[in-house]
Amino acid sequence: MIRAVIFDLDGVLVSTDKFHYQAWQMLARAEGIPFSREDNERLKGVSRMESLELILKRSPKTFPEETKLAMAERKNTHYRELLKKLSPADILPGVREFLATLRSRGIRAAIGSSSKNAVPILEAIGLAQAFEAVADGTRIRKSKPDPEVFLLAAGMMTTPPEHCLVVEDAEAGVEAGLAAGMKVLAVGSASTLPRATYGARNLSEADPNLVLA
Ligand code: BG6
Ligand code: MG
């Protein structure tokens with residue numbers, strides 16, 4: 001019986017991928033590193049610094065720590081600029097209805113995201129009040145696929161992992177949810193991953209009676 005649902009943010013509640021892509025692409029171009037949409041897929045669920053490391057691997061140069069921190073900062077400034085376009089219209093299909101179902105059944109809801117921008121994003125889309133707990137990149141040491149962020153969210157709601165359902169769109173996040181001992185509903189490009197407990201194209205296609213059982 002599911003008592004709490006922990007939602008990843010980027011790609012589950014709102015589509016920010018295109019903004020991450022544009023911001024990383026700006027940085028990669030400046031360094032002469034090839035960076036495609038496919039490369040961007042691999043950064044889903046991965047923290048900012050780890051994403052940067054993955055991009056810089058393709059460069060023949062090595063970069064001092066200080067330079068890498070400045071690059072990550074530059075990417076984030078550009079990303080935050082692009083986020084100014086976000087509004088409640090960017091909430092993904094089925095999210096509002098799924099949250100309403102949880103409220104009507106007395107099931108708790110939290111965020112489990114690797115992002116350090118989770119709070120401003122939730123505010124921009126008008127969902128800041130919809131979650132009892134926000135576990136995000138500002139509060140964890142190890143990023144997905146480590147289960148830390150989901151265990152933190154479950155702890156904040158005092159709900160044992162076996163009664164939690166994670167909703168994820170990234171392979172690293174699906175693995176993190178499973179490693180936390182939780183059920184995982186995979187959506188978007190993760191929906192066909194065989195290791196996920198359930199799969200649905202988006203939240204509007206997920207059957208609450210199945211995934212909340
Ligand atoms: C995750 C995204 O939610 O957050 C990743 O899927 C991103 O692509 C990560 O790198 C960290 O985000 P931020 O906002 O802290 O740079
Ligand atoms: Mg995601």
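A quick note: this is a predicted structure, and the numbers were derived from the prediction, not measured. Counting starts at 1 for both ligands and their atoms, following the listed order.
- By the rule that hydrophobic residues join a cluster once side-chain heavy atoms approach within less than 4.5 Å of another member, V5 and V184 end up as members of separate clusters.
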Start with the C-alpha gap between K68 and E53, add the side-chain angles, then the distance that decides, and say whether salt bridge (Lys or Arg N to Asp or Glu O under 4.0 Å) holds. CA-CA 8 Å; K68 288 195 269 193; E53 294 289 354; 3.1 Å; yes
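- Of all the heavy atoms in A118 and L9, the pair that sits closest is CA-CD2, 3.6 Å.
- Ligand 1 has a nitrogen or oxygen under 3.5 angstrom from a nitrogen or oxygen of R48.
- Checking D17 against S15 by side-chain atom types alone, no donor-acceptor pair falls below 3.5 Å.
- Here the heavy atom of the protein found nearest to atom 6 (O) of ligand 1 is G45 N, 2.8 Å.
- At a heavy-atom distance under 4.0 Å, no atom of L9 approaches ligand 1.
- For ligand 1, the atoms lying closer than 4.0 Å to a non-hydrogen atom of S51 are 10 (O).
- Proximity of K116 to ligand 1, defined as any heavy-atom pair under 4.0 Å, is shared by backbone and side chain alike.
- In this structure, a donor-acceptor pair under 3.5 Å is present between the side chains of N76 and N117.
- Here's the thing with N117: one of its N/O atoms is less than 3.5 angstrom from an N/O atom of ligand 1.
- Using a 4.0 Å heavy-atom cutoff, G137 is absent from the residues neighbouring ligand 1.
- Other residues, nucleotides and ligands contribute at most 12 non-hydrogen atoms within 6.0 Å of the NZ atom of K116.
- Atom CZ of R105 is surrounded by more than 12 heavy atoms from other residues, nucleotides or ligands within 6.0 Å.
- Here's the thing with S115: one of its N/O atoms is less than 3.5 angstrom from an N/O atom of ligand 1.
- With ligand atoms numbered from 1 in the order given, ligand 1 contributes 5 (C), 8 (O) to contacts under 4.0 Å with heavy atoms of L43.
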N/O donor to acceptor pairs below 3.5 angstrom from side-chain atoms of residues 19-27, sequence neighbours left out:
residue: H20; atom: ND1; partner: K75; partner atom: NZ; Å: 2.8
residue: H20; atom: NE2; partner: Y79; partner atom: OH; Å: 3.0
residue: Y21; atom: OH; partner: Q25; partner atom: NE2; Å: 3.1

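- Closest heavy-atom approach to atom 3 (O) of ligand 1 among the candidates N76, T16, D10: D10.
- Neighbouring protein atoms of the Mg ion (ligand 2) (N, O or S, distance under 2.8 Å, waters ignored): D8 OD2, D10 O, D169 OD1.
- The option with the heavy atom closest to atom 7 (C) of ligand 1, from among V46, D136, T138, is V46.
- The pair K183-E162 does not count as a salt bridge, with every side-chain nitrogen at least 4.0 angstrom from each carboxylate oxygen.
- I55 is not listed as a side-chain neighbour of M71, based on a closest heavy-atom distance of 4.5 Å or more.
- Exactly one of E168, E175, E50 qualifies for a salt bridge (charged side-chain N to carboxylate O under 4.0 Å, His left out) with K144. That residue is E168.
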